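Working notes for the structure below.
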Amino acid sequence: MWSDYHLHLEYGDYDESYVLRFLEKAQKLGLSEIGFSEHSHAFEEFRELYYEDLILDDSPIGNFQKRWLANPKSKFVHSLLKYQEFITNLKAKGYPVKMGIEVCNFQNQKKVAEILSGYDWDYRMVSVHFVRGWGFDFEVLKDNFDKGDLVSIWQDYVKEMEKVASSGLYDIIGHPFNLRLFGHLPDPERVAPLLKRAAEILKAHRMVVDVNTGTSYRYPIREISPYPEFMNLVKAYDLPIMISSDGHFPEHVGMNFDMASDYVRSFGLDEVVCFDKRNRVMKKLDGDRS
């Protein structure tokens with residue numbers, strides 16, 4: 001039984017007919033359910049945290065990120081209550097959907113805990129999207145990788161991972177080590193201890209690893225995240241996984257899942273995690289995804 005739990009509605013709306021397009025694609029692929037993991041930047045409750053954490057000066061990074069935050073179509077346009085009501089209504093109609101969220105790696109995890117409390121989450125995902133206030137997955141800002149030492153960037157990334165994992169707020173770490181998405185690859189030997197440290201952190205805090213196909217079809221690197229060196233540690237540390245598409249449109253549902261299935265099996269992994277109200281159920285990977 002397969003699911004795709006990393007899907008976003010931000011380019012559509014909270015509209016049942018739009019969700020049906022996601023579900024139709026899932027049904028064609030034999031997926032049993034889908035989960036929406038709306039970005040925290042969709043919700044008004046998180047506005048202050050972005051303005052506290054991101055570089056927003058007059059530098060190229062700051063100017064771009066100010067424009068990004070000011071986008072009225074996708075930033076802070078909903079409330080968490082509206083989101084919950086929408087997903088609850090879909091569930092009441094019998095649609096196989098789950099309610100998740102993808103939270104950025106904010107510094108103030110105490111505030112995040114306050115924001116997330118009181119809602120009926122099926123799962124909570126956290127993704128490291130910012131390093132020292134720089135959104136490293138913005139293509140227009142990728143030149144910043146060339147301005148510093150890649151190993152130092154990897155070090156900062158792992159520090160952020162440790163901070164959010166140790167908060168105890170989350171179930172899933174999103175697309176680990178997607179730092180590679182534009183092809184900036186550090187010396188493997190120099191970052192090997194950082195990968196090991198990351199695996200230890202995730203193990204200690206019972207985090208599920210998001211094996212994410214988004215980087216295989218949305219970015220130049222054309223690989224699944226996490227990359228093989230870290231997947232070896234996922235196996236060695238017996239870290240639970242899920243497989244997701246990081247889809248931002250209905251046609252992305254289940255994208256490259258056959259590739260992902262072969263990928264995880266190549267590391268000796270044959271189970272994925274499913275969620276219900278933050279309870280985990282392990283499901284065997286099977287060929288027909290039924």
Side-chain angles (χ1 to χ4, degrees), residues 1-7 22-23 25-37 91 96-103 121-128 161 164-165 168-178 195-217 223-247 252-290:
M1 180 183 294
W2 282 29
S3 305
D4 189 346
Y5 284 147
H6 196 151
L7 297 170
F22 286 83
L23 287 166
K25 178 65 184 298
Q27 185 177 32
K28 288 179 181 178
L29 294 176
L31 303 182
S32 60
E33 62 184 5
I34 61 174
F36 292 104
S37 305
K91 290 181 176 182
V97 299
K98 299 293 185 182
M99 177 173 148
I101 190 168
E102 182 180 11
V103 181
W121 304 108
D122 287 305
Y123 56 91
R124 299 172 179 175
M125 184 188 310
V126 63
S127 298
V128 178
M161 183 185 291
V164 295
L169 295 177
Y170 310 103
D171 306 295
I172 305 161
I173 186 74
H175 43 62
F177 292 101
N178 66 328
L195 302 188
K196 184 174 183 291
R197 177 60 185 150
E200 292 170 346
I201 291 164
L202 298 179
K203 182 69 173 181
H205 298 288
R206 299 188 66 250
M207 298 285 282
V208 173
V209 172
D210 173 32
V211 179
N212 189 299
T213 68
T215 38
S216 73
Y217 67 91
E223 69 180 11
I224 293 172
S225 295
Y227 66 107
E229 284 83 349
F230 191 68
M231 286 297 295
N232 284 325
L233 293 169
V234 169
K235 173 61 176 178
Y237 282 81
D238 193 26
L239 299 177
I241 66 166
M242 72 177 198
I243 294 175
S244 79
S245 67
D246 208 342
H252 290 165
V253 174
M255 182 70 79
N256 290 347
F257 267 29
D258 287 334
M259 177 195 302
S261 177
D262 291 342
Y263 183 63
V264 300
R265 288 178 190 277
S266 73
F267 298 96
L269 303 169
D270 63 358
E271 290 185 316
V272 292
V273 177
C274 292
F275 287 95
D276 183 58
K277 297 190 183 303
R278 302 192 68 198
N279 294 311
R280 303 179 185 187
V281 178
M282 301 303 297
K283 299 290 184 179
K284 284 287 187 181
L285 282 172
D286 50 49
D288 62 5
R289 297 193 292 268
S290 60

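Remember, predicted model here, so these are calculated numbers, not experimental data. We're numbering straight along the sequence, starting at 1. No hydrogens, no waters, no symmetry mates; every other heavy atom, side chains included, goes into these values.
Between V253 and K28 there is no side-chain heavy-atom pair separated by less than 4.5 Å. Counting heavy atoms from C-beta outward, Y227 and L195 have side chains that approach closer than 4.5 Å. Contact check for H175 versus H6: side-chain heavy atoms found under the 4.5 Å cut-off. Inter-residue side-chain proximity for V208 and Y5 is flagged as unmet; no heavy-atom pair is nearer than 4.5 Å. In this structure the side chain of D246 never reaches within 4.5 angstrom of the side chain of M255, judged on heavy atoms. Residues I224 and I243 fail the side-chain proximity criterion, which asks for heavy atoms closer than 4.5 Å. For the pair M207 and I201, the minimum side-chain heavy-atom distance is 4.5 Å or more.
Minimum heavy-atom separation, E33 to F275: OE2-O, 4.3 Å. The minimum heavy-atom distance linking A199 with L233 is given by the pair CB-CB, 4.0 Å. Considering every non-hydrogen atom in both P228 and Y263, the closest pair reads N-OH, 3.2 Å. Listed here is the closest heavy atom pair of I241 and E271: CG1-O, 3.3 Å. Nearest heavy atoms, A260 versus T213: CB-CG2, 3.7 Å. The two atoms that bring M125 and D210 nearest to each other are SD-OD2, 4.3 Å, heavy atoms only.
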For D270 and K284: C-alpha separation, side-chain torsions, deciding distance, then whether salt bridge (Lys or Arg N to Asp or Glu O under 4.0 Å) applies.
CA-CA 6 Å; D270 63 358; K284 284 287 187 181; 3.1 Å; yes

Does the pair F177 and M161 meet the rule for a side-chain contact (heavy atoms from CB on, under 4.5 Å), with working shown?
CA-CA 10 Å; F177 292 101; M161 183 185 291; 4.1 Å; yes

Go through E102 and V126 one step at a time and tell me if the side-chain contact (heavy atoms from CB on, under 4.5 Å) criterion holds.
CA-CA 5 Å; E102 182 180 11; V126 63; over 6 Å; no

Pair W121-M99, side-chain contact (heavy atoms from CB on, under 4.5 Å): steps then yes or no:
CA-CA 6 Å; W121 304 108; M99 177 173 148; 3.5 Å; yes

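Rounded to the nearest 0.5 Å, atoms CZ (F257) and CG (L31) are 6.0 Å apart. From S261, atom OG reaches atom CG of L269 across 10.5 Å, with rounding to the nearest 0.5 Å. Here the NZ-CD1 distance, from K25 to I34, works out to 11.5 Å after rounding to the nearest 0.5 Å. Put simply, CG on L169 and CG on D171 are 10.0 Å apart, with the number rounded to the nearest 0.5 Å. Separating the CG atom in N212 from the CG atom in N256 is a distance of 11.0 Å, to the nearest 0.5 Å.
A salt bridge links D122 with K91; the closest basic N to acidic carboxylate O contact falls under 4.0 Å. With respect to the salt-bridge test (charged N to carboxylate O, under 4.0 angstrom), the residues K203 and E200 do not qualify. Ion pair D276/K98 flagged as a salt bridge, since at least one NZ, NE, NH1 or NH2 atom sits closer than 4.0 Å to an Asp/Glu carboxylate oxygen.
The number of heavy-atom neighbours closer than 6.0 Å to CD of E229, taken from other residues, nucleotides and ligands shown, is above 12. Within 6.0 Å of atom CZ in R280, more than 12 heavy atoms from other residues, nucleotides or ligands are found, so the atom counts as buried in its surroundings.
Counted by atom type alone, S37 and Y123 present one or more donor-acceptor pairs between their side chains at under 3.5 Å.
Checked against the 6.0 Å centroid criterion, the rings of H252 and Y217 qualify as a close aromatic pair.
At distances below 3.5 Å, not a single donor-acceptor pair connects side-chain atoms of K235 with backbone N or O atoms of F267. At least one donor-acceptor pair under 3.5 Å links the side chain of S32 to the backbone N or O of W2.
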